[in-house]
2 protein chains.
Amino acid sequence: MNIGDVADKVGLPAKTIRYYEDIGLVKPLRDNNGYRAFQANDLHKLTFLARARKLGFTIENCRALLALYEDQARASSDVKTIANQHLEQINAKISDLMAMRATLSHLVTECAGDNRPDCPILNGLSETLAT
Amino acid sequence: MNIGDVADKVGLPAKTIRYYEDIGLVKPLRDNNGYRAFQANDLHKLTFLARARKLGFTIENCRALLALYEDQARASSDVKTIANQHLEQINAKISDLMAMRATLSHLVTECAGDNRPDCPILNGLSETLAT
DNA sequence: GATAGGGCTTCCAGTTAATGGAAGGTCAAG
DNA sequence: CTTGACCTTCCATTAACTGGAAGCCCTATC
């Protein structure tokens, strides 16, 4: 299967698939004309990658997960460890963002948002923030 | 004031302050020896930048906010618009992350995490995700 | 006066995960 | 045989820094 069809099937841009080949995540065969010839196994891996990336795993985590995915003798605990670390990072990001939101929405509600120059948002950014 | 002292005061690495000069956010004077000589106004701007960045504003947003900050005739509504757009982006990111967390933690709770190879996390990533 | 240290300077390269675009080869239809 | 849609590679760019090399400057100590 050519790259365009693969892109449609797995929901990744062709550019991204070429990039994944560049960094060694997939190794499609080549036709005589030089076109990439993707096999069923390549499609599985790309689908796997698309989903793992959508869940926010880094490329390096994806590489590790893919290796485990292909290792029939893997221990599920290895996978769980990676997933749990990632969950912790997600939680940390959510906390960060919620703290930002609290501070910023507090500033926004205090701002009249009119034609006058007096602005609690700018004041809040220039004075000490009660974070 | 030299860059090291400024870095300590405003809580930004010296590297970052030089970078901010590179992209035109601050324009410190220079001493005869070529060292940057930061004035009180530079410190205010850098403090402002540090706080806005900590709230997740992009550099370009910071540039716009800084311009408004220095514009005595600004309308507070201009600031509020930027802040509100940013709030929306924060909310969108939080939603994204919470969806990721839901899917991933579901997969994780189903995984035994033992020595056996059977792993619902990898299965979930290779099959269709119930996102 | 020599030297050692710490701080300062510039400039170049690398990070993440792609994305955009140029120049050019290939294929199927009409 | 030409047109248009694919495909190829390669280079540059994105955001916001960060790391490191090579080298100047300043102060203190021997």
Side-chain angles (χ1 to χ4, degrees), chain A residues 1-39 42 45-46 48-66 85-86 89-90 92-93 96-97 100, chain B residues 1-39 42 45-46 48-66 82 85-86 89-90 93 96-97 100:
Chain A
M1 196 183 291
N2 280 352
I3 199 168
D5 297 327
V6 175
D8 289 346
K9 274 221 169 178
V10 307
L12 289 173
K15 274 270 184 193
T16 300
I17 297 173
R18 288 195 196 98
Y19 171 69
Y20 286 172
E21 183 186 8
D22 267 8
I23 63 174
L25 291 178
V26 283
K27 303 191 190 353
L29 300 173
R30 297 293 178 127
D31 278 340
N32 289 333
N33 57 14
Y35 286 18
R36 289 168 182 83
F38 293 87
Q39 310 299 308
D42 295 320
K45 285 165 91 172
L46 286 169
F48 184 97
L49 285 169
R51 287 178 183 149
R53 287 290 299 128
K54 205 173 160 194
L55 282 178
F57 284 99
T58 64
I59 288 285
E60 286 319 305
N61 275 155
C62 288
R63 197 188 297 279
L65 288 172
L66 205 52
Q85 283 170 1
H86 183 43
Q89 288 169 13
I90 289 176
K93 276 188 199 166
D96 267 15
L97 286 168
M100 282 182 204
Chain B
M1 195 183 288
N2 280 352
I3 198 167
D5 297 328
V6 175
D8 288 347
K9 274 221 169 178
V10 307
L12 288 174
K15 274 270 183 192
T16 300
I17 297 173
R18 288 194 198 99
Y19 172 69
Y20 286 172
E21 184 185 8
D22 266 7
I23 62 175
L25 291 178
V26 282
K27 304 191 190 352
L29 300 173
R30 297 293 180 128
D31 277 340
N32 289 333
N33 57 15
Y35 287 19
R36 289 167 182 83
F38 292 88
Q39 311 300 307
D42 295 321
K45 285 165 91 172
L46 286 169
F48 184 97
L49 285 168
R51 287 178 184 151
R53 288 290 300 129
K54 205 172 160 195
L55 282 178
F57 284 100
T58 64
I59 288 285
E60 287 318 305
N61 276 154
C62 288
R63 197 189 297 279
L65 288 172
L66 206 50
I82 295 178
Q85 283 170 0
H86 184 43
Q89 287 169 14
I90 290 176
K93 275 188 201 167
D96 268 15
L97 286 168
M100 281 182 205

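A, B, ... follow the sequence lines: proteins, then strands. Residue 1 opens every chain.
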Contact check, side chains of A:Tyr20 and A:Arg53, non-hydrogen atoms, under 4.5 Å: yes
Value in whole Å for how far the C1' atom of C:dT16 lies from NZ of A:Lys93: 11 Å
d(CZ, B:Phe57; C1', D:dA16) in whole Å: 17 Å
Residue pair B:Leu25 / B:Tyr19, side-chain heavy-atom distance below 4.5 Å: no
Any B:Ile17 side-chain heavy atom under 4.5 Å of B:Phe38 side chain: yes
Check: A:Thr16 and A:Pro13 side chains under 4.5 Å, non-hydrogen atoms: yes
Selection residues 23-35 of chain A - residue pairs positive for side chain to side chain donor-acceptor pair (under 3.5 Å), sequence neighbours left out: A:Glu21-A:Arg30
Side-chain heavy atoms of B:Arg18 within contact of B:Arg36, under 4.5 Å: yes
Close residues, residues 11-39 of chain A, relative to DNA chain C [heavy-atom separation under 4.0 Å]: A:Pro13, A:Lys15, A:Thr16, A:Tyr19, A:Tyr20, A:Asn33, A:Tyr35
Between C:dT19 (C1') and A:Ile3 (CD1): distance, integer Å: 14 Å
Separation of D:dT8 P from A:Asn2 CG (nearest whole Å): 7 Å
